[in-house]
J.: 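Before we start, here is the structure in question, set down as structure tokens.
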Amino acid sequence: MMATKKFMFVNRKAPYGTSYALESLEVVLISAAFDQEVSLAFLDDGVYQITKGQDTTGIAQKNFSKAYKALGDYDINKLYVEEESLSERGLNKDDLMDLVWEDEDEDWAEKPSIIMVNREQLSDVMAEQEVTLSF
Amino acid sequence: MALEVDGQTIELDEEGYLVDLSSWTPEIAKALADGEDVDLSDDHWDIINFLREYYEEYQIAPAVRVLTKAVGKRLGKDKGNSKYLYSLFPYGPGKQACKYAGLPKPTGCV
Amino acid sequence: MAMLHIVNKSPFEKTSFGSCLNHAKAGDSILMIEDASVGAIKNSSFSNQLTSALTDKKVYVLGGDLAARGIDKSRMIDGIEVVDYAGFVDLTVNNETTQSWL
């Protein structure tokens, strides 16, 4: 039996231009099979991974932004988003997808997965992690 | 690998999954099941249709744990358990059902 | 001698976009593709730099790359022109020289 550790996936790259975002997502989905405590951080250009209204028809790539909506099903419901990263990019919380998870213990009530944090708060959350994987 | 369905050649990868996911038809699902001596019942189709809807919405094939939970929610607690799903898909509900549904092999299928 | 400058890196991550703006001459054209398309948005920490470039240069963005990253055209800095792949080709044909800023 593996001990449970606190895993954090740190996402810092925009999707599609490079393959970091997709690779991170795939590892996140795989890690969910190992019953670890998984959280995600979106900062710097990583915030573009979860913007709403992504349409990839013009670049002939798969729109994998929809898969982030499934993270709740994988019991991954702590998505930390850095406020400063959004504002530096002319974005705000309303530009992000509405990512939720369903609480089975409360008759599948929908609860938000996105946790807005400032830079200082995010560094505190990062300091609590046991395994940090950066993409 | 390839499969003949209604006079058309359907390309499969080395593990028997559809190469072109958009080419899926119910007839292809039947042919894939025939190849593994499985007769598709309404219960099988409930799962296959569920998987196709899931993929359409999220663009991923769900892990078995996720599938089990979601089936329980959608089709009732008596069906949302691995015993029931394995009775339908003895080679593994994730792998086998996803194959018939024309989905890629589930991410994180170990 | 008008030059087309092609940038493909996010201005928030790499210095190549900023360097391009520092070196492009009046009358040149700048085309944002791939991750550089995110530089087109208003009210960012980079938008002032791009807005001042627009005073004497033309700035274009590849529409497909912008849409893929969830940025609506209505959010763009005024004066930036959206092009498709055909427009991309036209730009390379209509400029004497092309420089890519990687």
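As the structure is a prediction and not an experimental result, all values here were calculated from the model. Below, read A as the first sequence line, B as the second, and so on, with proteins coming before strands; counting in each chain starts at 1. Only this structure's heavy atoms are used, side chains among them; waters, hydrogens and symmetry mates stay out.
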J.: Quick check on salt bridge (charged side-chain N to carboxylate O under 4.0 Å, His left out): which of A/Glu102, A/Glu104, A/Glu106 does A/Lys111 satisfy it with?
T.: A/Glu106

J.: What's the shortest heavy-atom distance between C/Val38 and C/Ile71, and which atoms?
T.: CA-CD1, 3.8 Å

J.: For chain A, find which of C/Ala68, C/Ala67, C/Pro11, C/Gly63 contributes the most heavy-atom pairs closer than 4.5 angstrom.
T.: C/Ala68

J.: Minimum heavy-atom separation for A/Leu122 and A/Ala41, please, with both atom names.
T.: CD1-CB, 4.1 Å

J.: Search all heavy atoms of A/Pro15 against all heavy atoms of A/Ala21 and return the closest pair with its distance.
T.: CA-CB, 3.9 Å

J.: Side chain, backbone, both or neither: which part of A/Leu91 has a heavy atom under 4.5 Å from chain C?
T.: both

J.: Could you give the distance from CD (A/Gln129) to CZ (A/Phe9), rounded to the nearest 0.5 Å?
T.: 10.5 Å

J.: State, to 0.1 Å, how close C/Leu50 and C/Gly39 come at their nearest heavy-atom pair, and which atoms those are.
T.: CD2-O, 3.3 Å

J.: Can you confirm if the aromatic rings of A/Phe7 and A/Phe34 lie within a centre distance of less than 6.0 Å?
T.: no

J.: How about the chain A/chain C donor-acceptor pairs under 3.5 Å, what are they, with distances?
T.:
residue	atom	partner	partner atom	Å
A/Lys13	NZ	C/Glu13	OE2	2.7
A/Pro15	O	C/Arg69	NH2	3.4
A/Gly17	N	C/Asp35	OD1	3.4
A/Asp45	OD1	C/Ser10	OG	3.4
A/Asp45	OD2	C/Ser10	OG	2.4
A/Thr51	OG1	C/Arg69	O	2.8
A/Asp55	N	C/Ala67	O	2.9
A/Asp55	O	C/Ala68	N	3.2
A/Glu88	O	C/Ser45	N	2.7
A/Glu88	O	C/Ser45	OG	3.2
A/Gly90	O	C/Arg75	NH2	3.1
A/Asp95	OD1	C/Arg75	NH1	2.6
A/Asp95	OD2	C/Arg75	NH2	2.9

